[in-house]
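Have a look at the structure below before the remarks.
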Amino acid sequence: MAAMAAMAAAGSSGPRAFSAAWAFSTYQPFEPRAWGLSPGWRLTGFSGCKVPQEALLKLLAGLRWPPPGRGLGEVARRAGDAASPALGIGLDACVIPLRHRGLSLVQTTDFFYPLVEDPYMMGRIACANVLSDLYAMGITECDNMLMLLSVSQKMSEEEREKITPLMIKGFRDAAEEGGTAVTGGQTVANPWIIIGGVATVVCQPNDFIMPDGAVVGDVLVLTKPLGTQVAVNAHQWLDNPERWSKVKTVVSRQEVELAYQEAMFNMATLNRTAAGLMHSFNAHAATDITGFGILGHAQSLAKQQRNEVSFVIHNLPILAKMAAVSKATGQSGLLQGTSAETSGGLLICLPRDQAAHFCSEIKSSKYGGVHQAWIVGIVEKGNRTARIIDKPRVIEVPPRGATATVFTLDNSSASSDGSSFPF
């Protein structure tokens with residue numbers, strides 16, 4: 001289809017080539033009029049919705065693997081037994097032992113609808129989100145990517161010709177940053193814009209970390225702040241007087257714009273650095289935080305552990321002002337850990353004596369100085385569950401260059417970078 005052919009036109013060079021350092025200092029918001037579109041044109045006007053977690057897991061129940069009584073790691077490590085693939089429904093990627101002993105195929109797929117207004121950044125976010133499922137297993141290299149793209153039938157031909165190449169370019173630029181390439185895919189037309197893809201890699205056992213090795217005493221570390229969906233929603237409410245009236249007493253328009261931009265660049269940032277450091281700091285398990293929220297993904301990860309452990313989350317790093325926005329709307333999902341995230345950070349189980357060093361290392365200038373990390377919880381003896389304590393400490397994560405503030409739900413506060421042990 002014409003949209004897929006546009007990959008050739010969407011070259012990888014040019015003024016919008018992305019780097020985190022560039023993005024935070026010189027980014028200019030997407031301006032529809034600059035592309036000959038109406039001032040009120042919105043990419044998010046072509047969005048749909050996904051199936052909720054509970055309904056999705058019910059639909060996929062027949063595919064669930066491993067069978068009762070057999071751990072995910074036990075099945076996946078049976079290299080050469082192609083009859084026993086480890087699908088890991090509810091986790092991040094499938095691990096399939098290949099016929100060639102010692103090798104496994106690791107593969108993941110994901111897609112979603114537009115959630116930011118900049119088509120180029122939307123493409124980058126979509127690619128980062130797909131790759132993140134590999135990074136959650138400590139995999140830093142991807143052998144191949146395919147792109148899944150749906151062009152909205154509601155778009156005019158002019159809109160398709162101008163917007164689609166930008167999304168494709170963003171997706172491909174992010175893939176190149178991740179050391180891989182987009183070699184094909186599929187394009188369709190339907191009422192919505194959809195973008196996503198498939199990421200595939202063939203690994204040796206020491207290339208990945210199975211998400212089932214947490215032990216009592218481990219510490220939970222999160223590598224991106226929460227609140228992306230709230231920031232995106234708040235940004236859309238700027239043009240909706242009725243919605244904006246509910247939150248304008250707790251946040252300014254400028255604060256919403258800053259939170260939205262911070263969310264956008266966080267979502268577009270690859271988790272590749274964190275994946276590499278998982279090996280250096282002896283990570284025992286990890287997942288990435290996306291549509292099920294931090295609590296939903298923590299619960300899914302806890303269920304897969306070989307040991308009898310549970311996860312307890314004490315800290316919630318949240319984009320500045322977004323906790324207040326969430327409460328002002330009467331929706332408590334963000335503070336309860338159920339608010340959806342997109343292309344979120346990795347939630348990693350690390351040895352207690354390694355966690356603070358991990359946080360310090362990932363923030364260092366050798367990785368561009370754009371990554372973040374916080375100690376958010378602990379692993380204790382339990383029955384493979386996850387929970388958030390009644391009054392978690394909320395770490396307000398400001399736009400880059402400011403200082404984080406920590407407060408509990410009883411409004412006491414203190415300054416913290418989240419890399420110490422408050423529990």
Side-chain angles (χ1 to χ4, degrees), residues 27-35 37-55 112-119 121-122 125 150 152-156 159 163 190-195 225-267 290-296 316 318-344 394 396-399 405 407 409 411:
Y27 174 74
Q28 295 295 319
F30 177 75
E31 176 51 62
R33 285 176 295 188
W35 293 86
L37 304 173
S38 67
W41 190 91
R42 295 289 183 270
L43 186 66
T44 53
F46 302 93
S47 290
C49 63
K50 280 190 170 183
V51 179
Q53 176 187 14
E54 295 79 6
F112 47 69
Y113 305 93
L115 72 159
V116 299
E117 306 301 348
D118 187 326
M121 293 301 293
M122 189 63 243
I125 291 167
S150 166
S152 174
Q153 297 163 327
K154 299 178 182 179
M155 299 175 75
S156 67
E159 289 172 336
I163 298 304
N190 72 21
W192 315 282
I193 292 176
I194 298 173
I195 185 166
L226 307 171
T228 54
Q229 189 62 55
V230 176
V232 166
N233 290 344
H235 188 259
Q236 293 175 5
W237 296 342
L238 292 175
D239 296 326
N240 186 322
E242 182 180 354
R243 291 289 186 91
W244 177 244
S245 66
K246 296 181 179 180
V247 300
K248 65 180 182 180
T249 59
V250 299
V251 66
S252 69
R253 299 181 77 90
Q254 181 183 17
E255 287 169 335
V256 168
E257 292 284 3
L258 289 172
Y260 170 74
Q261 182 166 306
E262 185 76 13
M264 183 165 58
F265 287 121
N266 278 327
M267 290 186 286
T290 53
F292 299 164
I294 187 171
L295 181 60
L316 296 175
I318 296 176
L319 292 170
K321 296 293 184 175
M322 293 305 102
V325 168
S326 180
K327 288 192 286 186
T329 61
Q331 300 174 354
S332 56
L334 184 56
L335 295 175
Q336 293 176 351
T338 57
S339 180
E341 305 291 336
T342 298
S343 189
V394 175
E396 288 234 321
V397 181
T405 298
F407 64 89
L409 295 188
N411 293 324

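Side-chain polar atoms of Gln236 and Asn240 form no donor-acceptor pair below 3.5 angstrom.
Between Trp41 and Ile163 the shortest side-chain heavy-atom distance falls below 4.5 Å. The shortest distance between side-chain heavy atoms of Leu115 and Met267 falls below 4.5 Å. Residues Arg253 and Trp244 have side chains in contact (heavy-atom distance under 4.5 Å, counting atoms from C-beta outward). You'll find the side chain of Trp237 stays beyond 4.5 Å of the side chain of Lys248, heavy atoms only. Taking the side chain as every heavy atom from C-beta outward, Thr290 and Thr342 never approach each other to under 4.5 Å. With contacts defined as side-chain heavy-atom distances shorter than 4.5 Å, the pair Glu341/Val230 does not qualify. When side chains are defined from C-beta on, Val116 counts as touching Tyr260, because their heavy atoms get closer than 4.5 Å. Within the 4.5 Å cutoff, the side chain of Val256 has no heavy atoms near those of the Lys321 side chain.
The minimum heavy-atom distance between Thr228 and Ala340, with the atom names listed, is OG1-O, 4.4 Å.
Shown are Met121, Glu117, Met155; of these, the side chain to side chain contact (heavy atoms under 4.5 Å, CB included) with Leu43 is made only by Glu117.
For Ser156, the side chain to side chain contact (heavy atoms under 4.5 Å, CB included) partners two or more places apart in sequence, or in a different chain, are Glu158, Glu159. With sequence neighbours excluded, the residues satisfying side chain to side chain contact (heavy atoms under 4.5 Å, CB included) with Lys154 are Phe46, Ser152, Pro191.
The distance from the CE atom of Met322 to the CD atom of Glu255 is 8.0 Å, given to the nearest 0.5 Å. Distance check, rounded to the nearest 0.5 Å: CG of Asn266 to CG of Leu226 gives 10.5 Å. Rounding to the nearest 0.5 Å gives a distance of 10.0 Å between CD of Gln261 and CG of Asp118.
When atom types are taken as modelled, the side chain of Ser150 and the backbone of Trp192 share a donor-acceptor pair closer than 3.5 angstrom.
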